[in-house]
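What you see below is based on every heavy atom in this structure, not just the backbone, and it leaves out hydrogens, waters and symmetry mates. Each chain gets a letter, A, B and so on, in the order the sequences are listed, and its residues count up from 1.
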Protein chains: 2
Amino acid sequence: MTTISDGEEIVFEQPCPIRDVLDRIGNQWSLLILEALAPGTLRFNALMREIGDISKQMLSRTLKQLEQDGFITRTLYPEVPPRVEYALTDLGRSFLEPMQQLVAWAESHHRAIVEARTRYQANPEQR
Amino acid sequence: MTTISDGEEIVFEQPCPIRDVLDRIGNQWSLLILEALAPGTLRFNALMREIGDISKQMLSRTLKQLEQDGFITRTLYPEVPPRVEYALTDLGRSFLEPMQQLVAWAESHHRAIVEARTRYQANPEQR
DNA sequence: CGGCATCCAACTCGATACTG
DNA sequence: CAGTATCGAGTTGGATGCCG
């Protein structure tokens, strides 16, 4: 499992594609960032505002991961003050489709899940 | 964020359906268990063998979560020795489709991701 | 503005041992 | 057989603060 920490030592093992991919995009932030970039290019602080409750740290780390995995591009304009724009790559855009399927499923079944949890709590039978 | 720990105090907040769902099924084990149960009912130890490298702990915990969220059913046959069977619910089965879309995407784009990582490592330009 | 480094609390996950 | 309890190492992720 690859770590998201600040360290430089990045190791790629993970024989299983699904685990590998899910390790990366399975965290909440990656999905949210990808969604935020779906309409178009955004700058760092614009992303922060768009997502709302993400810290600079996590945004920075997750963006780096997504760039590393080829989901997004990072373009630095050497101006003062610096401007950095993030955009989806073709790979990132192609991922949007299965992802949105999942999001749609989550939205339409969320109620059922919440109800299942309530039911479970109400029946502490043979547990 | 709901915890998976052993504690009894389970809190449901999570206003966002996607985060909520991903928090639960975003971990490697949930997906693997759901896949393992796709062909049909399985017992606890059969699941362990099927998945391979999961510990009893994590299997037990994750199964409980999946049951709680209504993805699977747990049927205890009061025999000696005890027999417990796990099976997908309709909800769980309905989740299989978007999930398999994602798995398919992961499989067909895994190479591209690995290549992106390699490319990234090879170009430590302005970083 | 964009983003790393540091510190730290919380949580995850596995190993092991014990139970009905 | 099918778990739960306990312990402990390792990760994650947020809060700051500094820097170009």
- Say whether, by atom type as modelled, one donor and one acceptor occur between the side chain of Ser60(A) and the main chain of Lys56(A) under 3.5 angstrom. no
- Message: Please list, in numerical order, the residues of residues 78-87 of chain A that have a heavy atom closer than 4.0 Å to any atom of DNA chain C.
- Response: Pro81(A), Pro82(A), Val84(A), Tyr86(A)
- Backbone N/O of Ala104(A) and side chain of Ser108(A): donor-acceptor pair under 3.5 Å: yes
- Query: Between the two ends of the helix from dC1(C)-dG20(D) to dG20(C)-dC1(D), what is the bend in degrees, rounded to 10 degrees, where each end axis spans five pairs?
  - Reply: 50°
- Arg83(A): partners by salt bridge (charged side-chain N to carboxylate O under 4.0 Å, His left out), with sequence neighbours left out: Glu79(A), Glu85(A)
- Query: Partners of Arg49(A) by side-chain contact (heavy atoms from CB on, under 4.5 Å), sequence neighbours excluded?
  - Reply: Asn45(A), Ala46(A)
- Message: Can you measure Ile72(B) atom CD1 to dA2(D) atom C1' for me and round it to whole angstrom units?
- Response: 14 Å
- Side-chain N or O of Ser60(A) less than 4.0 angstrom from OP1 or OP2 on dG3(C)? no
- Grab the CG-P distance between Leu63(B) and dT4(D) for me, whole Å please. 10 Å
- Between P of dC13(C) and CH2 of Trp29(B), the distance in whole Å: 9 Å
- Query: Out of dC4(C), dG14(D), dG3(D), which has the shortest distance to the side chain of Lys56(B)?
  - Reply: dG3(D)
- Who pairs with Ala116(B) by side-chain contact (heavy atoms from CB on, under 4.5 Å), at least two apart in sequence or on another chain? Arg119(B)
- Strand contacts (DNA chain C) in residues 40-52 of chain A, 4.0 angstrom heavy-atom criterion: Arg43(A), Phe44(A), Asn45(A)
- Query: Under 4.0 Å between a side-chain N/O of Arg74(A) and OP1 or OP2 of dG3(C), yes or no?
  - Reply: yes
- Query: For Leu59(A) and dA5(C), what is the distance between atoms CG and P respectively, to the nearest whole Å?
  - Reply: 16 Å
- Query: Between dA2(D) atom C1' and Met58(B) atom CE, what is the distance in whole Å?
  - Reply: 17 Å
- Note on the structure: Sorted by chain and residue number, the side-chain contact (heavy atoms from CB on, under 4.5 Å) partners of Thr89(A) (sequence neighbours excluded) come out as Thr73(A), Leu91(A)
- Using atom CG of Asp53(B) as one end and atom P of dC13(C) as the other, report the distance to the nearest whole Å. 13 Å
- Query: Does CD belonging to Glu115(B) count more than 12 external heavy atoms closer than 6.0 Å?
  - Reply: yes
- Message: Can you list everything that forms a salt bridge (charged side-chain N to carboxylate O under 4.0 Å, His left out) with Glu50(B)? Sequence neighbours excluded, please.
- Response: none
- Query: How would you list, by chain and number, every residue that makes a ring pair (Phe, Tyr, Trp, His ring centres under 6.0 Å) with Trp105(A), sequence neighbours excluded?
  - Reply: His109(A), Phe71(B), Phe95(B)
- Query: Would you call Arg117(A) and Asp20(B) a salt bridge, using N to O less than 4.0 angstrom?
  - Reply: yes
- Atom pair distance, as rounded to whole Å: CD1 in Ile33(A) and P in dG3(C): 11 Å
- Task: Report the C-alpha separation of Arg61(A) and Gln57(A) in whole Å, then their side-chain angles, then the decisive distance to 0.1 Å, and conclude whether the side chain to side chain donor-acceptor pair (under 3.5 Å) test is met.
- Result: CA-CA 6 Å; Arg61(A) 286 183 190 172; Gln57(A) 262 286 21; 3.2 Å; yes
- Query: CZ of Arg24(A) versus P of dT12(D): gap in Å, rounded?
  - Reply: 10 Å
- Could a donor-acceptor pair under 3.5 angstrom be found where the side chain of Gln57(B) meets the base of dT16(C)? no
- Query: With sequence neighbours left out, which residue pairs that include part of residues 29-40 of chain B fulfil the side chain to side chain donor-acceptor pair (under 3.5 Å) condition?
  - Reply: Asn27(B)-Ser30(B)
